[in-house]
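Step one of this worksheet: look at the structure below.
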Protein chains: 2
Amino acid sequence: MSNHDALKQYDSSLFRTPDGYTSDIAVFTILSSKLGDFKPPLMTLMVMLIKRSKLNAEGLPNIEAGKWALPGGFVQPDESAFEAAKRELEEETGVSSIHIKHYNVYDKPGRDPRGWIISNAHYAIVPEHALEKRKANDDADDVKLFSIDDVLTLDLAFDHRQIIEDAIKVIKHDLLHTTIAKSFLPDQFTYSELQAVLKTVTNDSGITSDQAFARKIKSLPFIKEVPGQKTQRTSKTPTQLYQFIDDVNIVKPIYTARY
Amino acid sequence: MSNHDALKQYDSSLFRTPDGYTSDIAVFTILSSKLGDFKPPLMTLMVMLIKRSKLNAEGLPNIEAGKWALPGGFVQPDESAFEAAKRELEEETGVSSIHIKHYNVYDKPGRDPRGWIISNAHYAIVPEHALEKRKANDDADDVKLFSIDDVLTLDLAFDHRQIIEDAIKVIKHDLLHTTIAKSFLPDQFTYSELQAVLKTVTNDSGITSDQAFARKIKSLPFIKEVPGQKTQRTSKTPTQLYQFIDDVNIVKPIYTARY
DNA sequence: TCAATAGTGTCTTTAAGACAGTATCCG
DNA sequence: CGGATACTGTCTTAAAGACACTATTGA
């Protein structure tokens, strides 16, 4: 019997099927408080949430109205959750080609009072300026940035507290163990700008010590000096600019690392 | 308007919903070819696949019949995909309390000819002896172990080639960057046994060199010597046994590691 | 000249890497 | 006592960590 015949026999009504498949996105940005001319920035890692509106797009009462939640929405049958995340983020911020990554799935029975709804969770990194145009839409009364400390004190919709906690854990890890820090920085950056990004998630003395980090950055295999390029945006002293090298991402096995 | 009223208004038929939600599991084990008494083992990393049967449990023609596929099945509405993976693995192998981890979701439109079916993929590690009792069931004609090299030469069902490739990439990474190697080993093990596990996925000289690795294991913060415990199962010389220390899992940031 | 940022000089300590050598035991 | 596995001794080299010091510039 052919595959085609088998297909004709298949009847999905034999199974109970999910009531929905959503793509949620934890959108991270770093707010860079300019402390003045010739100063390195003070950086704070922020996550963007929406406030769910009283009525939905159809004018019907909305579920979990008034609570803060991750942006996201139902995945369409002709797209993947990743594509849905990309689409929604572009609608929201106007930015495409940014870092988006799946990090977990949330499917615990009862997690959504509307039924059996599976959430595919992503995190995204967008530059600060892209969020200036952020806007409330049909589903949201408000859109706001919260620091990763403040966000967990809010009244959050569904199981979004768990989803956000996990996102924060993942981005903290990825910032220190991959080169995604580059998504928060201009193409060319000073050692103190990279350091400011990393200091949003770590107190490691090898990173927080200026001398140590200024030395270390020269020997990192995935970062190179841009010869002759200097800037004065962080200090009066003209300062060397660096760049991430693409496709170099060495992580030492824990069995050969130094401790 | 209350949350309860909002819920009454909600009608999931407004959306097209998925036709199914499955949990698939890449089951890994290490075949340990005993080369003889007083020898360290030769280890090979294997993945378990099933051969899809001609007819399904209801006696109807099965989809993708005759092809090799990952074990798995439809998630029930009262369980999470992780629980489904656990349940199916216990049905199949009789083993509970083993390492299972979600690593990706597969939801590309058209990936399953039966409709819009979302696969939540996990990998699992089971000890070799647990797979002795492996058996074909209603859905499977055969169950077999393949080396991670051989497996990609097979005719695989659905998009399982991609899912298996990803699983192999993830387990290779996790073996070197987390302490999951412990799932392949007895509680107490010699340096050469741990080395044999790691050699299934790396050629790093710090791991393949006997002297280097025998020295290094003493200074790893997540492994401790078991004082006075020796074995002769790998050599005539009584050999020191080691243990993983729980809850120690240091990974150095790439910005402070040595290169 | 001061204050602030960006470095460099240099010493100590630690560990990686290479290579040779020793230890233990069974058959 | 031969062969195989499990180590240890020792030298060289590289880099981390700490601390003091210099360099550059605008106000």
Side-chain angles (χ1 to χ4, degrees), chain A residues 32-43 188-196 199 202-221 223 225-242 250 252-259, chain B residues 32-43 188-196 199 202-221 223 225-242 250 252-259:
Chain A
S32 186
S33 321
K34 189 120 187 92
L35 296 176
D37 288 343
F38 310 115
K39 297 262 184 192
L42 176 66
M43 295 188 172
Q188 302 191 351
F189 51 87
T190 68
Y191 88 92
S192 62
E193 289 169 335
L194 172 57
Q195 186 188 26
K199 279 165 79 175
T202 187
N203 297 315
D204 187 306
S205 70
I207 286 168
T208 56
S209 154
D210 291 355
Q211 295 108 314
F213 197 69
R215 268 229 176 74
K216 185 72 185 177
I217 197 172
K218 293 173 194 296
S219 66
L220 293 174
I223 290 181
E225 264 190 35
V226 188
Q229 289 298 303
K230 308 232 175 194
T231 183
Q232 281 182 296
R233 65 179 178 250
T234 60
S235 81
K236 294 167 184 168
T237 313
T239 305
Q240 181 61 50
L241 286 168
Y242 296 87
I250 298 171
K252 298 268 281 183
I254 58 174
Y255 298 99
T256 59
R258 268 186 95 150
Y259 293 97
Chain B
S32 186
S33 322
K34 191 123 185 87
L35 296 177
D37 288 344
F38 310 115
K39 298 263 184 189
L42 176 66
M43 295 187 172
Q188 301 190 353
F189 51 88
T190 68
Y191 88 92
S192 61
E193 288 169 336
L194 173 56
Q195 187 188 26
K199 279 165 78 174
T202 187
N203 297 313
D204 187 306
S205 70
I207 286 168
T208 57
S209 153
D210 290 356
Q211 296 107 312
F213 197 69
R215 267 229 177 74
K216 186 72 185 179
I217 197 172
K218 294 175 194 295
S219 67
L220 294 174
I223 289 181
E225 264 190 36
V226 189
Q229 288 300 304
K230 308 232 175 192
T231 183
Q232 281 181 296
R233 64 180 179 249
T234 60
S235 80
K236 294 167 183 169
T237 312
T239 304
Q240 181 60 50
L241 287 168
Y242 296 87
I250 298 171
K252 298 268 284 183
I254 58 174
Y255 298 98
T256 60
R258 268 186 97 150
Y259 294 96

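A note on names: the letters A, B, ... follow the listed sequences, proteins ahead of strands, and every chain is numbered from 1.
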- Inter-residue atom distance Glu193(A).CD - Thr231(A).OG1, 0.5 Å rounding: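 Here the rounded value is 7.0 Å.
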
- Item | Distance (rounded to the nearest 0.5 Å) between Lys230(A) NZ and Gln240(A) CD |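 Those atoms lie 5.0 Å apart.
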
- Contacts of Phe189(A) that satisfy ring-ring contact (aromatic ring centres under 6.0 Å, His included) - sequence neighbours left out: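 Listed in chain order: Phe244(A).
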
Residues forming a side chain to side chain contact (heavy atoms under 4.5 Å, CB included) with [X], sequence neighbours excluded:
X         : value
Lys236(A) : Phe38(A)
Thr256(B) : Asp204(A), Ile207(A), Lys252(B), Pro253(B)
Thr208(A) : Lys199(A), Ser205(A)

Sequence neighbours left out, cut at 3.5 Å: what donor-acceptor pairs do the side chains of residues 209-219 of chain B make with other protein atoms?
unit_1, atom_1, unit_2, atom_2, d
Ser209(B), OG, Ala212(B), N, 3.2
Asp210(B), OD1, Gln195(B), NE2, 3.1
Lys216(B), NZ, Ala257(A), O, 2.6
Ser219(B), OG, Lys216(B), O, 3.1

Using nucleotides 14-16 of chain C, report all nitrogen or oxygen pairs with the protein that are shorter than 3.5 Å.
unit_1, atom_1, unit_2, atom_2, d
dT14(C), O2, Arg258(A), NH2, 2.9
dA15(C), O4', Arg258(A), NH2, 2.5
dA16(C), OP1, Lys216(B), NZ, 2.2

- chain A contact limits on DNA chain D, taken 5' to 3' with a cut-off of 4.0 angstrom to heavy atoms: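 First-to-last contact on DNA chain D, by the 4.0 Å heavy-atom rule, is dA16(D) to dG26(D).
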
- Task: Locate the shortest heavy-atom distance separating Arg233(B) from Gln188(B); write the atom from each residue and the value.
- Result: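 Minimum heavy-atom separation between Arg233(B) and Gln188(B): NH2-O, 2.9 Å.
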
- What pair of heavy atoms forms the shortest contact from Met43(B) to Ala196(B), and how long is it?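 Nearest heavy atoms, Met43(B) then Ala196(B): SD-CB, 3.6 Å.
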
- Item | Whichever of Gly206(A) and Lys236(B) has its nearest DNA chain D nucleotide further upstream toward 5' |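 Per heavy-atom nearest nucleotide, the more 5' residue is Lys236(B).
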
- Task: List for me each residue that meets side chain to side chain donor-acceptor pair (under 3.5 Å) alongside Ser192(A), sequence neighbours excluded, and say none if there are none.
- Result: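 Partners of Ser192(A) under the side chain to side chain donor-acceptor pair (under 3.5 Å) test: Thr190(A).
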
- Which residues pass the side chain to side chain donor-acceptor pair (under 3.5 Å) test with Thr234(A), sequence neighbours left out?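 Thr234(A) satisfies side chain to side chain donor-acceptor pair (under 3.5 Å) with no other residue.
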
- Decide yes or no for Leu194(A) and Tyr255(B): does some side-chain heavy atom of the first lie under 4.5 Å from some side-chain heavy atom of the second?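 Side-chain contact under 4.5 Å: yes.
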
Using a cut-off of under 3.5 Å, enumerate the N/O to N/O pairs linking the protein to nucleotides 6-9 of chain C.
unit_1, atom_1, unit_2, atom_2, d
dA6(C), OP1, Ser192(A), OG, 3.0
dA6(C), OP1, Thr234(A), OG1, 2.8
dA6(C), OP2, Tyr191(A), OH, 3.1
dG9(C), N7, Arg215(A), NH2, 2.5
dG9(C), O6, Arg215(A), NH1, 3.2
dG9(C), O6, Arg215(A), NH2, 3.1

- Using the C1' atoms of five pairs at each end, what's the angle between the two axes of the helix from dT1(C)-dA27(D) to dG27(C)-dC1(D), to 10 degrees?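 One end axis against the other gives 0°.
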
